Amino acid sequence: MSQNQNLTDLESMIELCDVCHHHHPHLPTEAPADEVLYKLADLYKVFGDPTRIRILYALSGGELCVCDIAELLGMTQSAISHQLRVLKQSSLVKFRRDGKTVYYSLADAHVATILAQGLDHVQE
């Protein structure tokens, strides 16, 4: 089956209005600024990696060091460090030093909420 045929089949499954008019005049007329929308899209891209989700889920139970996360997830510390760097750059995790040990935790309650609501949504 060709790609065009697949597209046609998909389009036939989508219900369209018979007449073009405004169904919901109460909808917002202005979306957030493009810069804000790009930041939001970047945030969701970070959530698009299963390893990062596993790390966030592990951290939802409290702060952990890299070696603890690596052991929990069955991965190398190097791989965990790489993903933590991405999460830190996106302001999803924070860290604190205690001597030579660095502990990571979720940046704030919003991160836990996003994770929990996403899980609720996919488990419905």
Side-chain angles (χ1 to χ4, degrees):
M1 187 177 287
S2 72
Q3 186 174 8
N4 286 340
Q5 181 62 42
N6 287 338
L7 185 57
T8 302
D9 291 345
L10 180 60
E11 288 173 344
S12 69
M13 295 170 46
I14 299 171
E15 296 293 327
L16 302 175
C17 293
D18 292 331
V19 178
C20 186
H21 57 90
H22 297 286
H23 293 281
H24 299 281
H26 62 276
L27 292 177
T29 56
E30 290 187 33
D34 284 349
E35 179 182 331
V36 173
L37 293 176
Y38 286 123
K39 286 181 181 180
L40 181 60
D42 286 341
L43 173 70
Y44 284 118
K45 285 178 190 175
V46 173
F47 278 94
D49 181 272
T51 299
R52 291 191 287 263
I53 295 292
R54 291 175 68 207
I55 292 170
L56 291 171
Y57 188 73
L59 293 174
S60 69
E63 69 178 12
L64 297 167
C65 67
V66 175
C67 59
D68 289 339
I69 299 169
E71 185 178 334
L72 278 170
L73 275 57
M75 298 175 66
T76 65
Q77 289 187 37
S78 176
I80 295 299
S81 291
H82 171 74
Q83 297 301 338
L84 283 168
R85 189 174 318 113
V86 173
L87 292 167
K88 191 172 76 165
Q89 289 171 343
S90 297
S91 301
L92 294 172
V93 299
K94 62 184 178 182
F95 69 95
R96 72 172 180 87
R97 278 189 198 282
D98 186 8
K100 292 185 176 186
T101 306
V102 178
Y103 292 95
Y104 288 86
S105 60
L106 298 181
D108 57 39
H110 293 114
V111 180
T113 299
I114 293 167
L115 186 61
Q117 287 183 345
L119 285 169
D120 286 347
H121 180 73
V122 298
Q123 292 176 340
E124 286 182 347

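All figures in this text were calculated on a predicted structure; none of them were measured in a lab.
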Exercise. To the nearest 0.5 Å, how far apart are CD1 in Ile53 and OH in Tyr57?
Worked result: 12.0 Å
Seminar exercise, completed: To the nearest 0.5 Å, atom CZ of Arg54 lies from atom CG of Asp49 at 10.0 Å
Exercise. Is the shortest heavy-atom distance from the side chain of Val93 to the side chain of Phe95 under 4.5 Å?
Worked result: no
For this session: Return yes when atom CZ of Phe47 has more than 12 non-hydrogen atoms of other residues, nucleotides or ligands closer than 6.0 Å, and no otherwise.
Result: yes
Problem set entry | Over all atoms of both residues, closest heavy-atom pair of Ser91 and Ala107 | O-CB, 3.2 Å
Exercise. After noting the C-alpha distance and the side-chain angles of Asp42 and Lys39, does the key distance pass the salt bridge (Lys or Arg N to Asp or Glu O under 4.0 Å) rule?
Worked result: CA-CA 5 Å; Asp42 286 341; Lys39 286 181 181 180; over 6 Å; no
Exercise. How would you list, by chain and number, every residue that makes a salt bridge (Lys or Arg N to Asp or Glu O under 4.0 Å) with Lys88, sequence neighbours excluded?
Worked result: none
Exercise. When rounded to the nearest 0.5 angstrom, what is the spacing between CD in Gln117 and NE2 in His110?
Worked result: 10.5 Å
For this session: Name all pairs fulfilling the salt bridge (charged side-chain N to carboxylate O under 4.0 Å, His left out) condition that reach into residues 95-111, sequence neighbours left out, sorted by first residue then second.
Result: Glu63-Arg96
Problem set entry | Shared hydrophobic cluster, Leu56 / Tyr44 (ILVMFWY, side-chain heavy atoms < 4.5 Å) | yes
For this session: Check whether Val102 and Met75 end up in the same hydrophobic cluster, where Ile, Leu, Val, Met, Phe, Trp and Tyr are linked by side-chain heavy atoms less than 4.5 Å apart.
Result: yes
Problem set entry | Identified side chain to side chain contact (heavy atoms under 4.5 Å, CB included) partner of Leu106 from the options Thr113, Ile114, Leu59, Leu115 | Leu59
Exercise. How close do Lys45 and Arg52 get, heavy atom to heavy atom, and via which atoms?
Worked result: O-NH2, 3.8 Å
Exercise. In terms of hydrophobic clusters joined by side-chain contacts under 4.5 Å, are Ile80 and Val46 together?
Worked result: yes
Exercise. With a 4.5 Å heavy-atom cut-off, do Ile55 and Leu64 have their side chains touching?
Worked result: no
Exercise. Mind checking whether Tyr103 and Leu72 sit in one hydrophobic cluster, side chains of I, L, V, M, F, W, Y counted as touching below 4.5 Å?
Worked result: no
Seminar exercise, completed: In this structure, CD of Glu71 is separated from CD of Gln77 (nearest 0.5 Å) by 10.0 Å
Problem set entry | Same cluster (ILVMFWY, side-chain, under 4.5 Å), Leu119 and Leu87 | yes
